[in-house]
Amino acid sequence: MLSLYGKQLASRLFLGTAQYPSPAILADAVRGSGASVATVSLRRETAGGGTGGGAFWSLIRSLDVAVLPNTAGCHSAKEAVTTAAMAREVFGTNWIKLEVIGNHDTLQPEVFELVEAARILCRDGFAVFPYTTDDLVVAERLLEAGCEVLMPWCAPIGSAKGPLNLDALRTLRGHFPDVPLIVDAGLGRPSHAAAVMELGFDAVLLNTAVAKAGDPAAMAVAFAKAVEAGRAAYLAGMLEPRDMAVPSTPVIGKAVFT
């Protein structure tokens, strides 16, 4: 079981809820994957009780998953803090995925504003899940701010490139052995999810790779299996790469023909 902010989660796969062809397909994907957490983006135009988001929120609640609202689209600490406060009121949870975007092309986090927002939200009682880069120093600052979980990217959001810097991810895992680390953004294939789980990461969060697949529900199941396989391989202890070939069949005691 994965424990985050005191909550036990059976699945190590988190799914986003945007861009699906229909609400029914979204529901099939979440249920088929067995995901324990679904992220949702709070839209200010529906937060005040408008009718546009009511059916969507009802659907999410029916899926029997932990809801992780996010501050998608925010570009400053002030904006993110305001959005988080609205999300807590709408969803009745102190969990928040903290996004503060600094670059429009890469959607890379604005790490200075991110740390400031994290400090304010942790002080105000939020359980903060910060979407961050794979930078070690930024990770340290977020933990100092009060975060108990880190969500480093492996590639730009929606790029489907998979892990671009395995060394950086490996360094994060090694430097913070007791901190829950969830790879967020950039995963495009189930093999990408398996690769980061094999490094010892605790979970993955993805959206586009499932929502934009030809069959989102089937892809969600494939990612779920990849996450499980990667985790099992990490726990089993994998053979490290070797420079030389090593025979798998013993040669001692073999008959010698001349």
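The shortest heavy-atom contact between G174 and P177 is O-CD, 3.6 Å. Residues G16 and L26 approach most closely at O-CD1, 4.4 Å, considering heavy atoms. Considering every non-hydrogen atom in both L98 and L121, the closest pair reads CD1-CD1, 3.8 Å. Taking all atoms of both residues into account, the shortest heavy-atom contact from T208 to G158 is OG1-CA, 3.8 Å. Considering all non-hydrogen atoms of both residues, K161 and A155 come closest at CB-CB, 4.1 Å. When every heavy atom of C122 is checked against every heavy atom of A145, the shortest pair comes out as CB-O, 3.4 Å.
Looking at heavy atoms from C-beta onward, L164 lies in side-chain contact with P156 at the 4.5 angstrom threshold. Annotation: side chain of P21 is in contact with side chain of P216 (closest heavy-atom distance under 4.5 Å). Residues F14 and L4 form a side-chain contact, since some pair of their non-hydrogen atoms from C-beta on lies under 4.5 Å apart. The side-chain heavy atoms of E113 and E79, taken from C-beta on, include no pair separated by under 4.5 Å. Residues L143 and F176 form a side-chain contact, since some pair of their non-hydrogen atoms from C-beta on lies under 4.5 Å apart. Residues R31 and L63 meet the side-chain proximity criterion, which asks for heavy atoms closer than 4.5 Å. Proximity of I96 to P69: side-chain heavy atoms (C-beta onward) are separated by under 4.5 Å at one or more points. With a 4.5 Å cut-off on side-chain heavy atoms, V115 and L142 count as touching.
Placement of L107 and L114 in two distinct hydrophobic clusters is found when ILVMFWY residues are connected by side-chain heavy-atom separations under 4.5 Å, directly or transitively. Hydrophobic clustering places V210 together with V40 (ILVMFWY residues linked when any side-chain heavy atoms are closer than 4.5 Å, directly or through intermediates). Under a hydrophobic-cluster definition in which Ile, Leu, Val, Met, Phe, Trp and Tyr are linked whenever side-chain heavy atoms come within less than 4.5 Å, directly or via other members, V204 and Y234 are assigned to different clusters. Under a hydrophobic clustering in which Ile, Leu, Val, Met, Phe, Trp and Tyr are joined whenever their side-chain heavy atoms come within less than 4.5 Å, directly or via other members, W153 and V111 fall into different clusters. No single ILVMFWY cluster, assembled from side-chain heavy atoms under 4.5 Å apart, contains both F223 and I157.
For the pair E110 (side chain) and F112 (backbone), a donor-acceptor distance under 3.5 Å is present. A donor-acceptor pair under 3.5 Å is absent between the side-chain atoms of R88 and the main chain of N94, judged by distance alone.
Among residues two or more places apart in sequence or in another chain, the side chain to side chain donor-acceptor pair (under 3.5 Å) test is passed with D167 by R170. Among residues two or more places apart in sequence or in another chain, the ring pair (Phe, Tyr, Trp, His ring centres under 6.0 Å) test is passed with H75 by H104.
To the nearest 0.5 Å, the span separating CZ on F91 from CZ on R61 amounts to 8.0 Å. In this structure, OG on S11 lies 7.0 Å from CD on E228, to the nearest 0.5 angstrom. How far CE of M1 is from CZ of R12: 9.5 Å, rounded to the nearest 0.5 Å. Atom SG of C147 and atom CZ of F126 lie 12.5 Å apart (nearest 0.5 Å). Separation of atoms CG (L13) and CE (M197) is listed at 9.5 Å; rounding is to 0.5 Å. Atom OG of S41 is separated from atom CD of E99 by 7.5 Å, given to the nearest 0.5 angstrom.
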- Task: Evaluate side chain to side chain contact (heavy atoms under 4.5 Å, CB included) for L15 paired with T39, printing each intermediate quantity in order.
- Result: CA-CA 6 Å; L15 280 183; T39 64; over 6 Å; no

- Message: Set out, in order, the CA-CA distance, both residues' side-chain angles and the distance that settles side chain to side chain contact (heavy atoms under 4.5 Å, CB included) for N207 and T17, then state yes or no.
- Response: CA-CA 7 Å; N207 188 164; T17 56; 5.8 Å; no

- Task: Could you please spell out the steps behind the side chain to side chain contact (heavy atoms under 4.5 Å, CB included) verdict for K97 and D184?
- Result: CA-CA 11 Å; K97 179 187 172 187; D184 176 19; 2.9 Å; yes

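Remark: R119 engages E116 in a salt bridge, criterion side-chain N to carboxylate O under 4.0 Å. Remark: R173 does not engage D134 in a salt bridge, criterion side-chain N to carboxylate O under 4.0 Å. With respect to E144 and R141, a salt bridge is recorded, a charged nitrogen being found less than 4.0 Å from a carboxylate O.
Of the candidates N70, I101, T71, I182, Y131 forms a side chain to side chain contact (heavy atoms under 4.5 Å, CB included) with just one, namely I101.
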